[in-house]
Amino acid sequence: MMGWPCGCLKLVSWLCLVGFVSGIGANWGTQASHPLPPGTVVQMLRDNGFQKVKLFDPEDGTMSALSNTGIQVMVGIPNEMLADLGSTKAAENWVSKNVSSYIKDGVDIRYVAVGNEPFLQTYNGSFLHTTFPALQNIQGAVTQAGLSSQVKVTVPLNADVYESSTGKPSDGNFRSDILDLMVSIVKYLSDNAAPLTVNIYPFISLYNDPNFPIDFAFFDGTPASPVVDGSITYTNVFDANHDTLLWALQKNGFGNLAVIVGEIGWPTDGNMYANIQYAQRFNQGFMKRIASGQGTPMRQGPIDAYMFSFIDEDQKSILPGNFERHWGIFYYDGQPKYQLNIQTSKSGTLVGAKNVKYLDKKWCVFKPSVNLDDSRVAPAASYACGKADCTSLGYNTSCGDLDARGNISYAFNSYYQMNDQDDRACDFQGIATTTDRDPSTSKCKFEIMIEPNSAASWRLAAVRGQGYGLVFFALLPFLLVLL
Ligand SMILES: *[C@@H]1O[C@H](CO)[C@@H](O)[C@H](O)[C@H]1NC(C)=O
Ligand SMILES: *[C@@H]1O[C@H](CO)[C@@H](O)[C@H](O)[C@H]1NC(C)=O
Ligand SMILES: *[C@@H]1O[C@H](CO)[C@@H](O)[C@H](O)[C@H]1NC(C)=O
Ligand SMILES: *[C@@H]1O[C@H](CO)[C@@H](O)[C@H](O)[C@H]1NC(C)=O
């Protein structure tokens with residue numbers, strides 16, 4: 001769905017620069033032990049009609065796969081790099097390598113996202129002093145590169161940068177501890193005709209507050225006590241949250257600033273509220289909202305938003321919660337989790353990855369002959385869970401109904417698959433064994449991993465090469481002595 005008639009006519013092409021593609025984009029994260037090949041993911045984006053993608057890092061394989069696809073790209077800068085980008089030279093190098101050269105190669109970069117939720121309260125202010133200078137330097141470098149009309153520079157913020165003491169959107173303002181900083185950033189974005197990007201998570205509202213009225217999290221609910229704000233009645237938390245930001249902007253003199261919803265979605269596992277039914281209900285509701293072009297009570301018109309997330313990532317930190325590895329509308333192997341009409345796809349439903357190469361139909365399980373109270377069991381299971389992924393175990397999760405033996409098998413199998421079914425990864429001091437009988441139950445899937453993709457194994461080879469190089473140089477002095 002194009003917001004503007006973007007033909008190839010020179011005459012109208014300037015419209016394409018100022019207009020934007022409405023409709024839904026996707027967040028493509030790659031913190032996975034076995035990421036799908038970038039080409040496969042790009043094909044999935046196209047098959048599902050996604051015209052926009054948001055990346056957290058300009059990885060070369062990802063960028064190359066997006067080249068000459070017509071997919072618009074928002075490329076992110078990790079928080080850890082913000083301090084370095086306080087130097088104008090470093091920012092120029094970053095833009096030259098990670099924006100200009102990819103644009104030359106045919107990647108349609110539209111946004112640079114400086115940092116990722118840098119003011120999140122759990123970061124304890126770690127990025128408070130580095131974000132704005134990095135934003136200014138990256139914007140400066142983009143302008144200097146002659147790209148300022150095509151590439152907008154923004155900062156994706158968590159919704160906790162603003163608040164409302166009464167819960168009414170009209171009482172919204174930026175968090176008091178960062179008010180001045182936020183106003184400076186917002187003014188800077190406004191001066192550069194750039195949007196503010198905000199991540200809004202109704203799931204987190206529910207997760208954090210057991211008293212949160214569940215119907216208020218969804219778009220089709222009729223909550224018992226909606227939020228009444230003057231003449232407006234809010235029946236869902238997305239609208240209320242989004243409009244709290246709009247009020248905060250308006251109060252500080254920037255009521256017209258463009259807003260992008262950088263992340264929105266619902267996880268499917270790892271918590272009692274993270275399940276397929278709720279995820280489908282939320283995401284389908286949001287899709288409908290996007291398609292209607294109706295906006296929120298405070299701002300009519302299309303919403304520019306990116307789903308979080310496209311594909312599950314099994315290496316994400318679970319500090320925020322076990323659900324963190326299950327945000328995808330697709331599983332790790334690119335298969336759809338549920339029916340979702342995303343309007344943009346020709347088939348009207350999710351189209352999965354094609355030609356996925358799986359490892360053998362083999363699983364690793366706890367040996368039936370070993371007793372549960374064997375002293376080797378507990379350390380082995382906790383080791384496996386620590387290294388692999390046990391976030392589907394626990395109360396009201398997909399594998400929450402397994403018995404104790406099932407739990408242990410699940411952990412062993414996860415570790416075995418993550419290690420590419422290496423026999424040595426299914427031993428655990430003799431208490432594990434491989435099987436070709438699928439231990440999955442109707443609710444709980446014992447996964448078979450996909451083949452490591454060639455780009456990733458190339459990276460591994462490169463790292464190994466480097467390792468040997470280092471060993472060689474470390475040994476050099478001794479070799480010289482021997483000579
Ligand atoms: C380009 O981006 C990558 C990934 O964030 C980063 O590691 C690299 O240092 C950047 N290049 C330059 C020249 O800054
Ligand atoms: C923030 O501070 C808390 C409490 O002092 C600490 O537990 C946590 O590890 C800190 N987080 C970061 C990212 O520094
Ligand atoms: C949690 O699990 C219990 C028992 O299996 C079930 O009765 C309940 O409905 C579940 N709750 C949710 C929110 O799924
Ligand atoms: C299985 O493991 C989960 C997560 O560690 C735990 O909550 C559950 O109680 C275990 N079930 C049994 C029967 O031990």
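Whatever order the structure lists ligands and atoms in, that order sets their numbers, starting from 1. The basis for the numbers below is simple: all heavy atoms, side chains too, and nothing from hydrogens, waters or symmetry mates.
- Residues Phe323 and Tyr207 bring their aromatic ring centres within 6.0 Å.
- Considering both main-chain and side-chain atoms, Lys97 never comes within under 3.5 Å of ligand 1 through any nitrogen or oxygen pair.
- Ligand 1 lies less than 4.0 angstrom from a heavy atom belonging to Met81.
- Rounded to the nearest 0.5 Å, atoms CG (Asp360) and CD (Gln421) are 5.5 Å apart.
- Within the structure, salt bridge (Lys or Arg N to Asp or Glu O under 4.0 Å) pairs that include any residue of residues 185-208 comprise Lys187-Asp191 (at least two apart or interchain).
- Below 3.5 Å of separation, one finds an N or O of Asn98 facing an N or O of ligand 1.
- Considering Trp327, Trp266, Phe238 in turn, Trp327 is the only one that fulfils the ring-ring contact (aromatic ring centres under 6.0 Å, His included) rule with Tyr201.
- For ligand 1 and Asp57, the ligand atoms under 4.0 Å from any heavy atom of the residue are 4 (C), 5 (O).
- Using a 4.0 Å threshold on non-hydrogen atoms, atom 11 (N) of ligand 1 counts as touching the protein.
- Applying the salt bridge (Lys or Arg N to Asp or Glu O under 4.0 Å) test to every pair with at least one member in residues 60-85, sequence neighbours left out, gives no pairs at all.
- Protein heavy atom nearest atom 13 (C) of ligand 1, with residue, atom name and distance: Asn93 O, 3.5 Å.
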